[in-house]
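All values below come from the heavy atoms of this structure, side chains included, with hydrogens, waters and symmetry mates left out. Every chain is numbered from 1, with letters handed out A, B, ... down the list of sequences.
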Amino acid sequence: MNIRIRYFGQVAELTGTNEEIKNLDIGCDLNDIESEIRSKYELDNTYYRIALNQNITDNKETMLNDNDEVAFMPPFAGG
Amino acid sequence: MNIRIRYFGQVAELTGTNEEIKNLDIGCDLNDIESEIRSKYELDNTYYRIALNQNITDNKETMLNDNDEVAFMPPFAGG
Amino acid sequence: MKKKKKVFIDGAIGPDFIAESIAKHQTKKEIGAHEIFLGQVRADQKGTGIVQAIEFSAHEEMAEEKLSEIRELAFDKFNLSCMHVYHSINKVEAGQICFYVFASSAHRKDCREAVSWLVDTIKKEVPIFGKEILENGQHHWKSNTEVL
Amino acid sequence: MKKKKKVFIDGAIGPDFIAESIAKHQTKKEIGAHEIFLGQVRADQKGTGIVQAIEFSAHEEMAEEKLSEIRELAFDKFNLSCMHVYHSINKVEAGQICFYVFASSAHRKDCREAVSWLVDTIKKEVPIFGKEILENGQHHWKSNTEVL
């Protein structure tokens, strides 16, 4: 299944890209994708939250579906 | 002594004038002037407060001095 | 001797006047937040008629003195960069703006609380009077003691 | 299907834009009070440099969706005639306006409380990001969790 991964603000600066598509096996959850991204881009010291299909979630056991959007978002700074 | 009497808003509408000068005997207080004005213009059913020299006061025993300003002011309506 | 600032504006306060006063603050780069209150004349039903305009009058010297005291108090109470207050005198039609309070500060809490306090205090303590002219030719005297 | 309103403005929000949106409300004669909040970019010291501009970015679709929910909630919570929210995207220089919240109601309490709630809620819940560009060429990432 294809997952669209998007990076914003400081996270995008660290990843060097705004988005990428990952092809994952069915049965993967948010934990799986987060671990991969964290180690690939060395995000261990970066503060971010994850939005799955535009909703912030802390439940990393959520199963992913084809065409899901996973967004890595640093602290909000509007206003 | 001369006292400057000023009327504002609804009070001025009832008195038909914005101001007048009254010549009073030394020793008169706010009570004296208020009674005279109330009966002259029939202000018994009119809500107002009095400012002596631009300060609202409820102390009607305050003695008046030459050139004092006594203002009859209805409820404020700014804003 | 307190500095008296211009407070009264003849007739309605125009949106352009507000825009100009906002623009003037763009050189003040320590400001992070502006809070603005605008009072607009409402076409309320009053007795048998609808308000068409308010004719404002004031004890101007006393109002300016009082506003200058209120301004000093606000600078003491809140951490502000700037503060401006304008009120209409004479006729303002329904739908037009008659009262403009503007405060600026580094952070939003100060200007927010200042504007809220300024609006309430000015309505209560400044000798401004308002004759509501109704469409049917009658009039009604506005009073801030009726609705707070 | 919620109606999405235009939220993002490319670059600074000009005083003229604000004046126009005030002027548009003068036909609404049930309005007695407008409350406005303006966020302005501050030339803060950040580390070794001074903020010269902020480059805003956002998850725009998510931000618009979130703002549309916040707008609906505000209409439920407060008795409002109108409400408008605009935020800059891309570069805004220090001294310029990047955030504009406007609410109107018959009486001042509603629009005052609404603007206060809207500003706080939007800063906390809407995915907008800000890169503070310093005069010395470095940059710093703005975060609303630092100062509330």
Side-chain angles (χ1 to χ4, degrees), chain B residues 1-22 24 29-31 33-34 36-38 40-60 62-79, chain C residues 7-9 13 37-42 44 46 51 54-70 85-89 92 97-101 115-116 118-133 138-148:
Chain B
M1 57 183 182
N2 286 325
I3 305 297
R4 183 187 184 193
I5 316 204
R6 300 180 69 180
Y7 307 109
F8 291 91
Q10 187 166 24
V11 180
E13 183 180 49
L14 295 166
T15 61
T17 181
N18 290 320
E19 73 173 86
E20 58 189 313
I21 305 288
K22 286 257 170 222
L24 296 182
D29 64 9
L30 270 178
N31 256 330
I33 194 106
E34 188 183 11
E36 187 182 330
I37 301 297
R38 277 178 90 92
K40 179 173 176 192
Y41 297 109
E42 299 176 357
L43 300 181
D44 276 349
N45 294 317
T46 306
Y47 180 84
Y48 61 81
R49 292 171 80 192
I50 285 180
L52 175 60
N53 300 323
Q54 306 187 9
N55 290 301
I56 298 280
T57 180
D58 291 318
N59 179 4
K60 303 293 171 65
T62 309
M63 302 301 287
L64 295 173
N65 295 302
D66 195 29
N67 294 318
D68 274 354
E69 176 190 298
V70 176
F72 285 71
M73 300 194 300
F76 298 167
Chain C
V7 169
F8 289 107
I9 299 212
I13 299 170
F37 176 83
L38 303 173
Q40 184 165 303
V41 174
R42 264 197 323 271
D44 276 352
K46 288 289 163 87
V51 174
I54 299 182
E55 223 171 84
F56 288 102
S57 59
H59 188 319
E60 293 198 30
E61 311 90 292
M62 182 174 159
E64 280 167 7
E65 177 63 32
K66 195 76 206 166
L67 273 166
S68 138
E69 288 169 27
I70 290 172
V85 173
Y86 299 97
H87 201 290
S88 295
I89 196 96
V92 180
I97 289 160
C98 59
F99 185 32
Y100 172 27
V101 178
V115 167
S116 167
L118 283 164
V119 170
D120 291 353
T121 305
I122 291 166
K123 282 181 178 253
K124 207 163 54 190
E125 298 187 5
V126 178
I128 297 170
F129 312 99
K131 184 180 179 178
E132 295 172 319
I133 315 291
Q138 298 191 301
H139 68 264
H140 176 267
W141 287 93
K142 181 172 182 272
S143 164
N144 288 344
T145 54
E146 288 172 17
V147 180
L148 278 181

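Within the 4.5 angstrom heavy-atom criterion, atoms from both the backbone and the side chain of K123(C) approach chain B. A63(C) does not touch chain B: none of its heavy atoms, backbone or side chain, sits under 4.5 Å away. Heavy-atom distances place the side chain of F99(C), and not its backbone, under 4.5 Å from chain B. Interface remark: Q40(C) contributes no atoms to any contact with chain B (heavy atom separation under 4.5 Å). Contacts of A51(B) with chain C are made by side-chain atoms alone, with heavy-atom separations under 4.5 Å and no backbone atom involved.
Nearest heavy atom pair, residue G79(B) against residue C98(C), reads O-SG, 3.7 Å. Scanning all heavy atoms of the two residues, the minimum distance from F76(B) to K124(C) falls at CD1-O, 3.2 Å.
From K131(C), atom NZ reaches atom CD of E13(B) across 5.0 Å, with rounding to the nearest 0.5 Å. In this structure, the separation between CD on Q10(B) and NE2 on H140(C) is 8.5 Å, given to the nearest 0.5 Å.
Sequence neighbours left out, the pairs with a member in residues 69-79 of chain B that pass salt bridge (Lys or Arg N to Asp or Glu O under 4.0 Å) are R4(B)-E69(B), R6(B)-E69(B).
Using cut-offs of 30° and 60° for the angle between ring planes, the H59(C) and F8(B) rings count as parallel.
Contact of the I56(B) side chain with the K66(C) side chain is not registered, since no non-hydrogen atoms from C-beta on lie closer than 4.5 Å.
Ranked by non-hydrogen atom pairs under 4.5 Å with chain B, the options P127(C), A58(C), G130(C) are led by P127(C).
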